[in-house]
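Below: one structure, written as structure tokens.
This is a predicted model, so every value here is computed, not measured. Chain identifiers are assigned alphabetically (A, B, ...) following the order of the sequence lines, protein sequences preceding nucleic acid strands; residue numbering begins at 1 within each chain.
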Amino acid sequence: MSVLALVDCNNFFVSCERVFRPGLERRPVVVLSSNDGCVISRSEEAKALGIGMGVPFFEVRALCVENRVEAISANHELYADLSRRVAAVLRRHAPDVEGYSIDESFLTFPPDGDPLARARALRAEVARWTGVPVSVGLGPSKALAKLASDKAKKAGGVLSLLEAGARERVLAATPVEQVWGIARRSAERLAAHGARTAADFAALDDALLRKTLGVGGLRLAQELRGLSVLAHSSVAPPRQSVTVSRSFGRAVGALGSLESAAAAFAARAAERARRHGLRAGALSVFVGWREDGRVLSDALSERLPPTDRTPDLVRAAKALIGRLFVEGRSYRKAGVVLGALEAAETPQAELFDDGAERRARRLEKTVDGLNAALGPGTLSFGGDRLARAWAPRSERRSPCWTTRWEDLPRVR
DNA sequence: TCTGGGGTCCTAGGACCC
DNA sequence: TCTGGGGTCCTAGGACCC
């Protein structure tokens with residue numbers, strides 16, 4: 001039986017902010033999404049005040065003022081950098097780190113030695129080198145390691161579900177909707193069959209599981225029984241899509257502003273595709289607006305000759321958003337999605353081109369390089385700086401302490 | 001009145017994750 | 001008045017084919 005570990009950074013975004021502002025320790029802190037719209041990370045103190053994950057900020061604003069909760073706009077550049085630093089420490093402990101999300105990684109522990117001792121050592125080392133507190137869950141399968149890491153947060157930071165006895169106790173005491181991959185819909189369906197705990201779920205008949213929740217549900221139940229059926233790999237599978245979307249800072253009614261947004265999103269998406277060495281064979285654009293209190297959206301897609309060129313993608317995005325546009329609507333958000341991605345090989349034609357193509361490529365490479373070094377949006381292609389009525393607002397952002405020279409912390 | 005059976009591919013939408 | 005952004009996988013149903 002191999003030992004799978006899930007390493008989960010506690011309250012990750014809040015913890016990142018605390019690394020550079022130790023004054024935030026032991027205080028209620030929340031991190032807010034774009035436009036300071038939603039709460040997306042909470043310190044334990046903020047959770048204790050009853051502030052839920054994902055709640056609109058305006059609903060808890062009064063509570064935050066009253067309790068002197070520090071509310072900070074999300075700084076994803078900082079979080080991405082600390083995430084890389086945490087991963088670098090993890091790779092010293094296991095050769096096959098699989099990044100599952102910005103704040104979680106799966107590892108396989110070698111069969112020799114005491115897994116609990118190893119987990120504790122790893123936890124201490126991440127804290128020492130990055131300042132980020134983590135929880136470690138151990139189990140014979142990913143779903144059990146994940147469950148263990150959730151429980152570890154209130155059990156000293158490390159918990160093992162490697163032993164059958166511990167597993168039975170924990171599964172029987174866990175409501176099924178706390179299982180990874182089971183949310184409201186699935187929990188309702190399971191309740192109809194009398195399954196309310198993780199143990200009930202794992203004990204259901206395979207054919208019934210297959211019929212009620214599909215293959216995903218069946219696999220999950222097997223994982224809870226201690227059978228490892230979900231693949232573990234340190235090689236990231238090829239990306240399927242690239243999305244850039246934003247809610248607007250205020251409602252937008254003019255086609256010009258909408259086109260400017262589409263152009264900016266397409267340019268950013270193109271940059272990301274190039275960074276991953278991918279070309280897009282399809283592009284879609286969506287817009288969102290409100291009507292009679294209902295949230296509505298519309299979308300259009302188009303196949304493209306595979307490309308990673310900014311001008312091609314910008315042109316396609318602008319054309320599609322023009323077709324979506326309806327006079328009189330107050331748009332609230334829009335987005336561009338690149339799909340049908342494939343590896344970008346150097347096109348043969350480049351060997352014979354007249355130099356214009358090569359120059360365009362070089363320009364793109366320079367812009368990508370500057371944006372990578374100095375922060376996204378430092379340089380952009382013609383036009384998308386104009387008519388930025390849509391630009392989101394975030395007024396409580398912390399500095400990019402680790403990725404921008406001008407934001408480096410100063411030591412007196 | 002009777003009206004096959006089996007494929008593939010694509011897309012939209014559902015459900016879930018962090 | 002104010003409700004994020006970026007992903008994944010699966011399924012059902014339609015179009016089409018032989």
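Proximity note for A:R246 (side chain, C-beta onward) versus B:dC18, B:dA15, C:dG6: the nearest is C:dG6. If you check C:dG5, C:dT8, C:dG4 against the side chain of A:S241, the one that comes closest is C:dT8. Closest to the side chain of A:V242, out of C:dG4, C:dG7, C:dC2, is C:dG7. Here the nucleotide nearest the side chain of A:R219, chosen from C:dC9, C:dG5, C:dG6, is C:dC9. Considering only the side chain of A:C38, C:dT3 comes nearest among C:dT3, C:dT8, C:dG5. Closest to the A:T243 side chain, of the nucleotides C:dT3, C:dG4, C:dG7, is C:dG7. Side-chain proximity of A:V215 to C:dG7, C:dT11, B:dC18: nearest is C:dT11.
Scanning DNA chain C for stems, defined as runs of 3 or more consecutive Watson-Crick or G-U wobble pairs whose donor-acceptor distances all fall under 3.5 Å, gives the following ranges: B:5-18 with C:5-18.
Evaluated for a side chain to side chain contact (heavy atoms under 4.5 Å, CB included) with A:S105, the options A:V97, A:V86, A:D8, A:L6 yield exactly one hit, A:V97.
In this structure, A:F106 places its CZ atom 11 Å from C1' of B:dC17, rounding to the nearest Å. At whole-Å resolution of the value, CZ in A:R272 and P in C:dG6 are 6 Å apart. Here the P atom of nucleotide C:dG7 and the NE2 atom of A:H76 are 12 Å apart, to the nearest Å.
Between the side chain of A:K146 and the backbone N or O of A:F106, no donor-acceptor pair lies under 3.5 Å.
Of the two residues contacting DNA chain C, namely A:N35 and A:L213, the nearest-nucleotide position lying further toward the 5' end is that of A:N35. Comparing A:G216 and A:G37 against DNA chain C, the residue whose closest nucleotide sits nearer the 5' end is A:G37.
Within the cation-pi definition used here (under 6.0 Å to the ring centroid, within 45° of the axis), A:R332 does not qualify as a partner of A:W289.
For A:F13 and A:H76, the distance between ring centers is under 6.0 angstrom.
Residues A:I321 and A:V287 form a side-chain contact, since some pair of their non-hydrogen atoms from C-beta on lies under 4.5 Å apart. Between A:L107 and A:E98, the closest side-chain pair of non-hydrogen atoms is not below 4.5 Å.
Distance check on atom C1': B:dC17 versus C:dG4 gives 14 Å, rounded to whole Å.
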